[in-house]
Each structure stands twice: as C-alpha cells, then as structure tokens.
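Atoms within a ligand are numbered from 1 in the order they appear, just like the ligands themselves.
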Amino acid sequence: MSALLVTGFEPFLTHDRNPSALLAQTLDGQSIGGHPVAGLTLPVTYAGAAPRLQQAIEAMRPAAVVMFGLAYETDCIRPERLALNLDDATAADNDGESRRNRPIDPAGPLGYWSSLPLDRLADRLGRAGFPVKISRDAGGYLCNHLFFRTRHWLEERGRPIPAGFIHLPPLPDGIKPEDRGHRSGMDLDRQLTAARLVLETLAERAEV
Ligand code: PCA
C-alpha cells in the first residue's frame, strides 16, 4: 500500500521546538491502517520547503499528504480550509527572506481548497475530545506558502490525492512566560494521538 506522507517544519523565529517536526519524526516508519507512514521535516524557507516536499512526493507517490505546522496563537488543532496565492508576512524566513503582499504564482489561481475531508476530520477529533477549530486560511507565511504550492503542483499534474494543512498549538514548554498564566499548550503525546487519528481517518478512505 502506498504511504501516508506527513510533513513538519523546523524551528523558526523564537520557537525553539516545533511540535510539527517532532510529530513527523515520531510518525516516520510507523504503520497506520495498513499504510506505511513517511515523515519529513522541512526547512522554514520560501526557497526550500516546497521543492523538498515535491521531491518526496515524486519519489514516494503517497496516497495522501498531511502538512503540519505550528501556530503559536492557537490552543486548538486547526485544519485549514484555504491555501491562498499570497505571501504576506512581516517575519523573515530562516534564510532571512521576507515577502510582503506578493503572489506566490502570478499565473496561478487565487487559491485552492484543502482536499482533506476537513469536516469529517474535525468531527472525529472533536468526538475524541480534542479542541478543534477549522480555520479559513493558513496565514501569509511559510505554512500557507507550502500548502498553496503543494496543492497547485498536484493540481497541475492531475494528481487528485488528499492534501492539506493542519496547524498545531505550541507544546507546553513553548508557551512564552507572559502567556503562562492563561495558556498551557498541548503536550506532544496528545498531538501525536490527534495526528494518528487524522491519518487513520484518511487511511479508511484511501483506495491505494
Ligand atoms: N509555522 C509557520 C511556519 C512554520 C511553522 O511551523 C506558519 O504558520 O506559517
């Protein structure tokens, strides 16, 4: 059976540990619903992230791609509905590159829907007791950039595999001192259980 490909991002800005990378590293080599899971950690760079993932998709021909990233400001598991054709972030990437108000692909469409079954995923996560909130879009930084470029690349090649982005809350030790009174983060085990549930739900629907 073909693989379920999971990606995470390296640490970035002030975030020394990125739960999405730890998740991809831990899930790599496991098997879920009969599918092997491959985990890939991507650089937080406009130049590097999407080409690296495209290479892996070419090599592996996965049944589905689930991209994860950290959203410091959220306390929920946050599946994203839309990938927008726009880079717009005040923060620089890990190469020091900043992009403001700039189309990702000037010839491309305005955006893409996630092709993950978001409502079903949110329902499963919610019933399992996770705080979950579907969000409209993945922002203007690397997570949206990777999400858009991956969906665009798959569409252009006529490969209709489920592919989408899910933001994760910070780990407990990633909560900044000024937020400790009112936020606690989500520990890695719990984030892993949520990610496994996402992959199990996809495996039930994967045909290959
Ligand atoms: N989160 C950032 C980029 C890397 C990550 O894990 C984002 O939300 O764009």
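- In summary, the atoms of ligand 1 found under 4.0 Å from a heavy atom of G69, numbered by their order in the structure, are 6 (O).
- Taking CG from L82 and CD1 from I134, the interatomic distance works out to 11.5 Å, rounded to the nearest 0.5 Å.
- Contacts between H167 and ligand 1, counted as non-hydrogen atom pairs separated by less than 4.0 Å, involve the side chain only.
- The ligand atoms of ligand 1 that sit less than 4.0 angstrom from a heavy atom of N18 are 5 (C), 6 (O).
- Nearest to atom 5 (C) of ligand 1 among the protein's heavy atoms is F12 CE2, 3.3 Å.
- Y72 carries R183 over the face of its six-membered ring, with the cationic atom under 6.0 Å from the centre and within 45° of the normal.
- Shown in contact with Y141 at under 4.0 Å from a heavy atom are these atoms of ligand 1, numbered in order with element: 2 (C), 3 (C), 7 (C), 9 (O).
- Polar contact check, C143 against ligand 1: a nitrogen or oxygen pair lies under 3.5 Å apart.
- Judged by distance alone, with hydrogens and angles left aside, the side-chain atoms of D95 form no donor-acceptor pair with the main-chain N or O of E97 at under 3.5 Å.
- In this pair, F148 and Y112 present their aromatic rings tilted. The plane angle is within the 30 to 60° band.
- A donor atom on one side chain and an acceptor atom on the other are not found under 3.5 Å apart for R149 and Q54.
- With a 4.0 Å heavy-atom cut-off, ligand 1 is reached by no atom of N144.
- Compare V44, L146, L70 by their heavy atoms: the one nearest to atom 1 (N) of ligand 1 is in L70.
- Side-chain contact of Y141 with D87: a donor-acceptor pair under 3.5 Å is absent, judged by distance alone.
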